Amino acid sequence: MTKHRLFWPVSALLALLLVDLIAKPSFFKVEVRDGHLYGSLIDILRLGAPLILVGIGMTLVVATRGIDLSVGSVVAISGALACLHLSGLPDQDAVGGTVVAVGMALGLCLALGAWNGFLVSVLGIQPIIATLILMVAGRGIAQLITDGQIITITSGPFRALGSGYLFLVPVSILIALAVFGLSSLLVRKSALGLLLEAVGGNPEAGRLSGLRSGRLTWLVYVFGGLCAGIAGLMIAANTPGADANHAGLWIELDAILALTIGGTKLTGGRFSLGGTVIGALLIQTLTTTVYTLGIPDTATLLVKALVVLLVCLVQSPAFRDRVRRRRRPVPATESARAVEVSA
Amino acid sequence: MTDPRAILEMTGIRKEFPGVVALDGVDFRMFPGEVHALMGENGAGKSTLIKTLTGVHGIDAGTIVLGGEPVAFGEPSQAQHAGVSTVYQEVNLLPNLSVAENIFIGREPRRFGRIDWSAMRRRAEVLLAGLDLHLDVSADLGTQSIAVRQMVAIARALDVSARVLVLDEPTSSLDAGEVERLLKVVRTLRDEGMAVLFVSHFIDQVFAVADRMTVLRNGKLVGEYRIEDITPVDLVTKMIGKELEALEDIEEATHRHSGGEVFLRTEGLSRKGAIAPFSLEIRSGEVVGLAGLLGSGRTELARLLFGADHADGGTLRIDGDPVAMRTPRSGMAHRIAYCSEDRKTEGLVGELTVRENIVLALQAARGWTRPLSRRRQDELAARYIDALDIRPAAPEALVQDLSGGNQQKVLLARWLITEPRLLILDEPTRGIDIGAKTEIQRLVAKLSDDGVAVLFISAELEEVLRLSHRVVVLRDREVVAQKDNESLTPDEIMAVIAEGSGT
């Protein structure tokens, strides 16, 4: 069973939850209050939703041997544009105006994703550099949109994206679930998943098999932009308002961490959207756990780092080998050299 | 065969890698003031032998005596200190540094602990002048031609007071004029008493510059010859080797092709630096063999026909209509399929399954929005696993876990399901076991009967002759002959390959 690719991340998640349960026996309690589901587990899902979204987009980008550092800035831009539009409305509660705000924000995010895709697939700029441009410039754009201020909003329909409930369940969870479900369907029911894995797994073999890797690459950056845009709306709706400086700050790093924990390699190829969701939930659970255990604020980051390090070590085949070898020493032979026998 | 004059004497060298004996009791010696060519086909053990000499690999058995002293190099730097300098194909140069820096990197002349730049430039100029090269040594190496870079690499090797200079494929990316210049430098060094080890796929260059040659085949020593005692034809025979006598017995199949319609025709198709203009016709149902040594342009020719590279001259017609073959997709659109010789880097996606690899080309042609249903994928995979006898018969096994022969069959299956009209097979039988080899040969014959044109590339002449209706011979990136295979013998082909090298 340890062979299953999600064995270690799921175990780590369960272990963390167990710690929570021991520290706070009521941790698993979910109750209905005022027609809302309520409890720590629901909080983890609700607060983890934006990271899940960004992580799903990032996973597809990474599958093609790419990376998208700009998602945090796109999150900020999305929220900023939506809130700017809403704040100018005579009636913020109007559904029509809210739809326009959401549409504008997502449209811009698609365009930003297309920009990244253009730099990478047409101009051939290395993904990390190409998206670094928007990562830096994007925060600036967000600040220009908000004029450096925090734009607060009151729109009811908009706020529902972050803190609303539908059939007892928080809307943000439903959105994350829908995006996860749809993208899983998209990659596994169409041939997209296979072709992305071929592009990332062996680009030259893909090209010689007739893959249009440029188009596919473009597509994943656009999709990544869209996911970041939805996450940005969610964060703004939860605030409620646009904070160009802090919305989505460092979320790209959390997303990369989430997909790595979920078993997708940064070198591209095989990916797992389910793994990314587990990874994102693990990160969110960790944050929650730190609060549950009452660890002082000043030590929070360090504790998180240690747990992440532990999870990564447990997942690393090299590390596991080494631990095993301690008990049964095997000479480190020249096996690595054997690769050179080509001629 | 100890000879007091030898500067280097390697005896009974054996080198094993897991599962492979790369060198098996090889003897090799070098004399001062001689150019010694190391010859052999790809995989014969030339590189491994060089690497044991230069300290990259240790040896499992045998002795190395350098200048009368037994030596054992554990590190390349030890070999360098002992006087063995190596110039690889451009790999160890840094284009972003200056010419002088490249020559002295790691050994910069110093003064009070700081690099003495002017001394470095002066010494670089002197060294290069010794090679009859006069240029601004402070210019970036990247701005210089490949030939100059090669000379710079040699200058660097010489500065470490070399007694043995190893040149590994020094001419592979040079044009004719540059080659002449480099050979001149090699002769000068020889006349100064240097022992030069020269490795090249170009037989005419070897005959132009070498005094002595050692031939390897399959990790074993074939022999050492003085250049005046061997002809190019002999050499090719010795390199290709063992089955020559056996070949005589092969029954002469009726190789005459009845002749379908012309499917593909090229007129002066070419790509600079890859293949000289060539004209070629391939008919439906015809098997055309490409013969020539490695590096003769076989693969380059095939890649142009498929669109893996695009031609920069000439025309290509399919069914009589001119076609711009710019990308693999254009090749596929005209139902041409190409199985690359390099399965690992250009063929398969190792971490995907057998099934996924098999459907990849067909799926790529359809685009991601029109997926093959899982059932159809399973059917296709099952049918070709069965037809080609892919083992294990597990469509969900990862391709990277399969043996070479089975990987090759997976790659074949990928293209067979696209139902090509022209199938290009580049070294489809290299490195696979005899059973799989026979099956692939049988498959080619069957495809041809079904009207599929096949372009068959193989270093094994026997195989090319057995399968082909017509044989196209290449030498030095040029098509030099096209012969109907009525009763061609390997000797005739080898004579053509060796022709024009001065004998």
Side-chain angles (χ1 to χ4, degrees), chain A residues 3 5 60 62-65 183 185-220 222-223 263-272 317 331-343, chain B residues 15-20 22 40-48 50-51 56-58 303 306-308 327-333 338-340 342-352 355-357 359-372 374 377 398 411 414-415 418:
Chain A
K3 285 272 158 67
R5 58 202 308 199
L60 296 190
V62 166
T64 64
R65 292 199 178 178
S183 47
L185 272 182
L186 182 71
V187 296
R188 294 304 171 198
K189 287 297 164 188
S190 80
L192 190 60
L194 171 64
L195 300 192
L196 290 179
E197 286 175 340
V199 167
N202 188 342
E204 184 57 14
R207 189 181 81 89
L208 289 177
S209 302
L211 283 181
R212 276 189 276 230
S213 53
R215 282 191 194 191
L216 289 167
T217 307
W218 203 322
L219 189 71
V220 292
V222 172
F223 182 72
T264 301
K265 281 185 289 183
L266 286 178
T267 46
R270 278 280 186 218
F271 65 89
S272 163
T333 56
E334 278 196 296
S335 56
R337 280 260 177 99
V339 184
E340 293 176 24
V341 200
S342 55
Chain B
K15 177 69 190 169
E16 283 179 50
F17 295 106
V20 196
E41 288 220 297
N42 203 17
K46 298 184 307 256
S47 300
T48 312
I50 291 177
K51 284 178 177 167
V56 175
H57 294 321
R303 288 175 67 95
F306 175 64
T327 65
R329 284 189 80 81
S330 32
M332 289 166 69
Y338 170 64
C339 291
S340 165
D342 192 343
R343 295 189 283 271
K344 276 214 169 58
T345 59
E346 296 184 350
L348 299 162
V349 186
E351 56 182 337
L352 295 186
R355 168 182 56 83
E356 288 169 325
N357 270 286
V359 300
L360 187 59
L362 187 59
Q363 185 62 68
R366 293 166 66 100
W368 66 270
T369 49
R370 292 171 53 222
L372 292 159
R374 180 58 191 261
Q377 293 184 28
L398 298 186
L411 189 56
R414 173 192 295 169
W415 289 110
T418 65

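Model, not experiment: these values are computed from the prediction. Chain naming here is simple, since letters A, B, ... match the order of the sequence lines and numbering starts at 1 in each.
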S.K.: Which answer fits R212(A), side chain, backbone, both or neither, if we ask what part of it has an atom under 4.5 Å from a heavy atom of chain B?
M.R.: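 Both backbone and side chain.
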S.K.: Which pair of non-hydrogen atoms, one from V349(B) and one from A205(A), has the smallest distance, and what is that distance?
M.R.: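 So the two residues come closest at CG2-CB, 4.5 Å.
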S.K.: Going by heavy atoms in the side chains, are Q363(B) and L211(A) under 4.5 Å from each other?
M.R.: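 They are not in contact (no side-chain heavy atoms under 4.5 Å apart), so the answer is no.
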S.K.: Which answer fits R303(B), side chain, backbone, both or neither, if we ask what part of it has an atom under 4.5 Å from a heavy atom of chain A?
M.R.: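 The answer is the side chain of R303(B).
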S.K.: Taking all non-hydrogen atoms of both residues into account, name the closest pair between A198(A) and L360(B) and its distance.
M.R.: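 In this case the closest contact between A198(A) and L360(B) is CB-CD1, 3.6 Å.
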S.K.: Below 4.5 Å, heavy-atom pairs only: which of L216(A), L195(A), L208(A) has the largest tally toward chain B?
M.R.: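 Result: the option with the highest number of such pairs is L208(A).
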S.K.: How long is the gap from CG on L411(B) to OG on S209(A), to the nearest 0.5 Å?
M.R.: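 Output value for this atom pair is 7.5 Å.
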S.K.: Given the options R215(A), E197(A), R207(A), which has more heavy-atom pairs under 4.5 Å with chain B than any of the others?
M.R.: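 Among R215(A), E197(A), R207(A), the one with the most close pairs to chain B is R207(A).
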S.K.: Checking R414(B) against chain A: side chain, backbone, both or neither under 4.5 Å from a heavy atom?
M.R.: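 Only the side chain of R414(B) comes within 4.5 Å of chain A.
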S.K.: Is it the side chain or the backbone of L348(B) that comes within 4.5 Å of chain A heavy atoms, both, or neither?
M.R.: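 When you check distances to chain A, only backbone atoms of L348(B) fall under 4.5 Å.
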S.K.: Do you know the tightest heavy-atom contact between N202(A) and T345(B)?
M.R.: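 Closest heavy-atom pair between N202(A) and T345(B): OD1-O, 3.0 Å.
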S.K.: Closest heavy-atom contact between A191(A) and P371(B)?
M.R.: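 Nearest pair, atom of A191(A) first, then P371(B): N-CB, 3.6 Å.
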S.K.: Side chain from CB out, backbone as N, CA, C, O: work out which of these in L186(A) comes under 4.5 Å of a heavy atom of chain B, or both, or neither.
M.R.: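 Contact with chain B: side chain only.
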